[in-house]
2 protein chains.
Amino acid sequence: MRIEPPELKRRMNRLKARLRRSGVKLTHQRLEIFREVAKSLDHPDVETVFSGVRRRIPTISLDTVYRTLWLLIDFGLLTTLGPPRGRVRLDANMSSHHHFICRKCGMTRDFLNHKFDRLKIPNTVKALGSVESTQIEVRGICFRCSKKNKQKYRVQRKKEKK
Amino acid sequence: MRIEPPELKRRMNRLKARLRRSGVKLTHQRLEIFREVAKSLDHPDVETVFSGVRRRIPTISLDTVYRTLWLLIDFGLLTTLGPPRGRVRLDANMSSHHHFICRKCGMTRDFLNHKFDRLKIPNTVKALGSVESTQIEVRGICFRCSKKNKQKYRVQRKKEKK
DNA sequence: TTCCTATATAGTTATTATTATTAAATAAGA
DNA sequence: TCTTATTTAATAATAATAACTATATAGGAA
């Protein structure tokens with residue numbers, strides 16, 4: 001399923017503004033990789049993005065796709081479904097609970113909140129399949145990672161001074 | 001972080017009842033693999049489960065861990081965080097929206113619901129890190145997969161008759 | 001515009017995660 | 001205890017992701 005053209009254009013403009021502002025090069029490859037994700041409503045995997053972009057840039061390499069996707073994720077222009085990085089994570093708690101997920105390192109913590117249990121599911125969702133559970137996913141950056149980011153930033157500042 | 005012993009015991013009992021009822025063998029390995037996931041609150045990855053179990057069963061193979069985990073997931077005794085199977089899935093929609101995820105095939109569909117936007121995040125969650133977004137994750141089985149399951153079941157019934 | 005240079009890319013190789021295969025071992029019913 | 005279908009360990013195969021390096025390019029300076 002495809003997104004509406006005006007919304008796609010908005011997303012492309014946001015990408016360009018953001019990359020320029022950050023002093024990161026605005027390459028053809030980056031634009032096309034972003035476009036491939038941004039135009040779709042089905043949350044493609046990396047392989048799908050790769051073959052989609054390859055139709056327009058036949059020489060693109062898979063490595064570039066991965067590198068670019070992580071870059072865009074780092075800039076907050078894309079996200080992954082669930083925790084970042086491809087690794088299965090298990091959960092044995094089958095009763096109602098919710099998650100905080102760090103979008104940098106994948107750290108996940110449970111929390112309980114009775115207000116969040118028993119949310120009414122819209123019928124449009126029930127039309128997609130049988131519903132088994134509902135949970136809140138709060139995403140953000142854990143304190144450990146935000147500390148790390150600050151350090152990274154400090155180091156870069158030092159480098160610039162040299 | 002560890003779970004409370006009585007809750008762990010409850011989970012172990014549920015596992016045993018469920019496997020017996022399904023006519024699946026209740027092996028030492030299966031018990032220990034489940035216990036390793038069930039006792040933890042941090043949602044371990046497969047490697048972590050493997051090395052944890054290996055302390056008690058030094059000869060366990062990684063393959064057994066994978067096979068067992070998927071079996072337990074299939075029986076609804078465990079789940080994965082996010083979509084099943086280890087593959088990064090992308091999302092370019094950075095504004096508020098929610099997901100239905102099929103726990104069999106990973107099919108993911110967006111939906112909007114303004115009631116779900118702006119849920120009040122408890123302070124205990126804010127203590128974990130900076131919150132960037134909040135979304136609902138509805139999990140279940142999509143119609144395509146539930147059809148497939150029925151077919152599988154029909155085939156098994158036929159085999160039994162022979 | 002043309003040139004320069006830091007940064008990004010393609011192509012390839014390496015690493016890590018997951019799945020398949022098969023001979024030997026074992027749980028659970030007779 | 002015996003039997004047999006299932007399960008396992010060990011290994012090999014495949015798939016997903018990341019690293020490496022010589023070449024190419026975006027974007028600022030002249």
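In what follows, chains carry the letters A, B, and so on, assigned in the order in which the sequence lines appear, proteins first and then strands, with residues in each chain numbered from 1. Atom set for the values below is all heavy atoms of this structure, side chains included, hydrogens, waters and symmetry mates excluded.
If you check C:dA10, D:dA16, C:dA8 against the side chain of A:Val24, the one that comes closest is C:dA8. The nucleotide whose nearest atom lies closest to any side-chain atom of A:Trp70 is, among D:dA18, C:dA10, C:dA6, D:dA18. For B:Gln29, the side-chain atoms get nearest to D:dT8 when compared with the rest of D:dT8, C:dA8, C:dT9. Of the candidate nucleotides C:dT18, D:dT25, D:dT7, D:dT25 has the atom lying nearest to any side-chain atom of A:Lys25. Closest to the side chain of A:Asp63, from the set C:dT12, C:dT19, C:dT9, is C:dT12. When distances run from any side-chain atom of A:Leu26 to the nucleotides D:dG27, D:dT17, C:dA10, the shortest one goes to D:dG27. Here C:dT18 is the nucleotide among C:dT18, C:dG11, D:dT17 with the atom lying nearest to any side-chain atom of B:Val46. Out of D:dA9, C:dT9, D:dA16, the shortest distance to the side chain of A:Arg67 is found at C:dT9.
Using a 4.0 Å heavy-atom distance criterion, B:Glu47 is classed as making no nucleic acid contact.
Applying the 4.0 Å criterion to OP1 and OP2 of D:dA9, one finds that B:Thr64 has a side-chain N or O inside that range.
Between B:Cys105 and B:Cys142, the closest heavy-atom pair is SG-SG, 3.9 Å.
Following rounding to the nearest Å, A:Ile57 (CD1) and C:dT9 (P) show an atom-to-atom distance of 9 Å. As a whole-Å value, the separation of B:Leu31 CG from C:dA27 P is 11 Å. In this structure, A:Tyr66 atom OH and C:dG11 atom P are separated by 18 Å, rounded to whole Å. The CZ-P distance, from A:Phe50 to C:dG11, rounds to 10 Å in whole Å. Rounded to an integer number of Å, the gap from B:Ile73 CD1 to C:dT18 C1' is 13 Å. One atom, NE2 of A:His28, and another, C1' of C:dT7, lie 18 Å apart when rounded to the nearest Å. In this entry the distance linking CG of B:Leu90 with P of D:dT17 reads 10 Å, nearest Å. Residue A:Arg54 contributes atom CZ, which lies 12 Å from atom C1' of C:dA10 at whole-angstrom precision.
Between B:Leu62 and B:Arg20, the residue anchored closer to the 5' end of DNA chain C is B:Leu62, taking for each the nucleotide with the nearest heavy atom. Between A:Asp45 and A:Thr27, the one whose closest nucleotide on DNA chain D sits nearer the 5' end is A:Asp45.
Between the side chains of A:Arg54 and A:Ser51, no donor-acceptor pair of N or O atoms lies under 3.5 Å.
In this structure the side chain of A:Arg11 reaches within 4.5 angstrom of the side chain of B:Asn93, judged on heavy atoms.
Using a 30° and 60° split on the angle between ring planes, A:His43 and B:His97 fall in the parallel class, below 30°.
Salt-bridge formation is not detected for the pair A:Glu7/A:Lys9: no Lys NZ or Arg NE/NH1/NH2 atom is positioned less than 4.0 Å from an Asp or Glu carboxylate oxygen.
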